[in-house]
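Take a look at the structure set out below.
Scope of the values below: all heavy atoms of this structure, side chains included, with no hydrogens, waters or symmetry mates. Both counts, for ligands and for their atoms, begin at 1 and track the order of listing.
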Amino acid sequence: MDLHSLTIHELHELLSRREVSAAEVVTAYLRRIDQIDPAVQSYLAVMAEQAMENAGRFDSARGDSSLSLLDAIPLAIKDVICTKGVRTTCGSRILEGFVPPYDGTVVEQLQKAGAIFLGKTNMDEFAMGSSTENSAYSATRNPWDLERVPGGSSGGSAAAVAADLCAGSLGTDTGGSIRQPASFCGVVGLKPTYGRVSRFGLVAFASSLDQIGPITKDVEDAAILLQAIAGHDLRDSTSVEAPVPDYRSSLKEPLNGLRLGIPKEYFIEGMHPDVASAVQRAIVTCRELGAEIIDVSLPHTGYGVAAYYIIAPAEASSNLARYDGVKYGMRVSGSRDLLSMYSQSRSRGFGPEVKRRIMLGTYVLSAGYYDAYYKKASQVRTLIRQDFLDAFEKCDALLAPVAPNPAFKIGEKADDPLQMYLSDVLTLPASLAGIPGISVPCGFTGKNLPIGLQILGPHFREDVILRVAYQFEQATEYHKARAPLNGLP
Ligand code: GLN
């Protein structure tokens, strides 16, 4: 049996029964990273030494007490989350060589739970993108077809899970960046409710939208990771002081009596026919599992892309003002004066997509345009949120596709930002509304590319979407398929 293909809960069983040591598990992963990652390019930094040290320490210190679920479990972290002493680049040149002096709260929580970090994963620069092609360092490949993108912006985290290069990972989702790469790579990705997980130590992109969440091989693992990172944090005033339920305990409850809404606006024209039919089949499966299926409408869905691509760049332009060549990372030397040092550091440090967002963002916030763009977009956001609140009066969760199309070819949309933005049409509304969403594998296209089912729930009802996802997953076989990696060993 290959250790690297196991889920977190399966690995936990083996470790608990002492059938494997932490050192064996970590060695297996590091060996596989050496073999496979040159082709996939999911990692920006591999923490081999540190991981082996931690594994050794765990093995020698472990007594007779029982293990926690994450003890000695090898995980990967998106490179937008600060790791003390380990370079954190956000996929950007401007943070090349930046080494954070502290850990993000989620990193601390996972460490406390016993997890071992294998490395930092590739991403679109500052999480802006849907394909991981905007990374300044490399383009991560989709393990199901190495000619295709893994999705983005958490493409490295999703590809690493799909290629068995870690047992699970953390991503971030501002407008779909956990759910969409999870769906493109055939793994599970959960975006928690805004406020559920602390963002202390997360490099900010759009502060009213950003959330950290798990990407895993199955739904139970997503529940395990969410359990470890959810909760209030004094260091993040946007994290909410609501009790954290036991996510794993509700997974096993059948779907009987649950009402699942099908939002008609999510079945858009031009959608890939295999995506449409896989999601339709998933709906039938949920009905057979005992759920009641009802039609609902989210009438303002069509305005999501426009509202998001005003709000997110506006916030980004303000958040990215701090990269001036003085405080963090890269500084261009030899400038005449302070202002030209700022502008040269920023011109060379940021890539084209980030610059586009800064220009868009400063434009929509500028005097004279603020009311027409930023304020209007914020009003539309309220309407989108209200659509969801109305729908959740009628149903417990929503079922929809994650993206209209499966993973596209590397380069296919790279020169056309609008096409790239439009591909986010089905993930942006939930982000604007702050509600939780999960992507769970629900089929394959004729070309054997994974398709994801998106399940959306009311604020702080991660338990409901996890339960629906789990019941669906257990009734199907899609999560068991392994990525072919174009025939690599
Ligand atoms: N694709 C979206 C964007 O480019 C969402 C990214 C994200 O969720 N981080 O902004």
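Looking at Thr174 next to ligand 1, an N or O pair under 3.5 Å apart turns up.
Judged by a 6.0 Å distance limit and a 45° cone about the ring axis, Lys413 is positioned over the six-membered ring of Phe408.
You'll find the ring centres of Phe444 and Trp144 inside the 6.0 Å limit. Residues Tyr369 and Tyr374 place their aromatic rings such that the two centres sit no closer than 6.0 Å. Aromatic ring centres of Tyr323 and Phe126 lie closer together than 6.0 Å.
Near Gly175, with a cut-off below 4.0 Å to any heavy atom, the atoms of ligand 1 are 5 (C), 7 (C), 8 (O). Under a 4.0 Å criterion applied to the non-hydrogen atoms of Ala127, ligand 1 contributes the atoms 6 (C), 7 (C), 9 (N). Atom numbering of ligand 1 starts at 1 in the shown order; those under 4.0 Å from a heavy atom of Gly129 are 1 (N), 2 (C), 3 (C), 4 (O), 6 (C).
The closest protein non-hydrogen atom to atom 10 (O) of ligand 1 is Tyr308 OH, 2.6 Å. Here the protein heavy atom with the shortest distance to atom 7 (C) of ligand 1 is Ser177 OG, 2.4 Å. Nearest protein heavy-atom contact of atom 2 (C) of ligand 1 is Asp424 OD2, 3.1 Å.
A 4.5 Å side-chain heavy-atom check between Arg87 and Phe98 finds every atom pair outside the cut-off.
Asn122 pairs with exactly one of Ser157, Ser154, Ser138 by the side chain to side chain donor-acceptor pair (under 3.5 Å) rule, that one being Ser138.
Ligand 1 is approached by Gly176 to a heavy-atom distance shorter than 4.0 Å.
Residue contacts with ligand 1, taken as heavy atom pairs separated by less than 4.0 Å, involve Arg357 solely via side-chain atoms from C-beta onward. Under 4.0 Å from ligand 1, the heavy atoms of Tyr309 that appear belong solely to its side chain.
Between the side chains of Arg179 and Ser431, at least one donor N or O lies within less than 3.5 Å of an accepting N or O.
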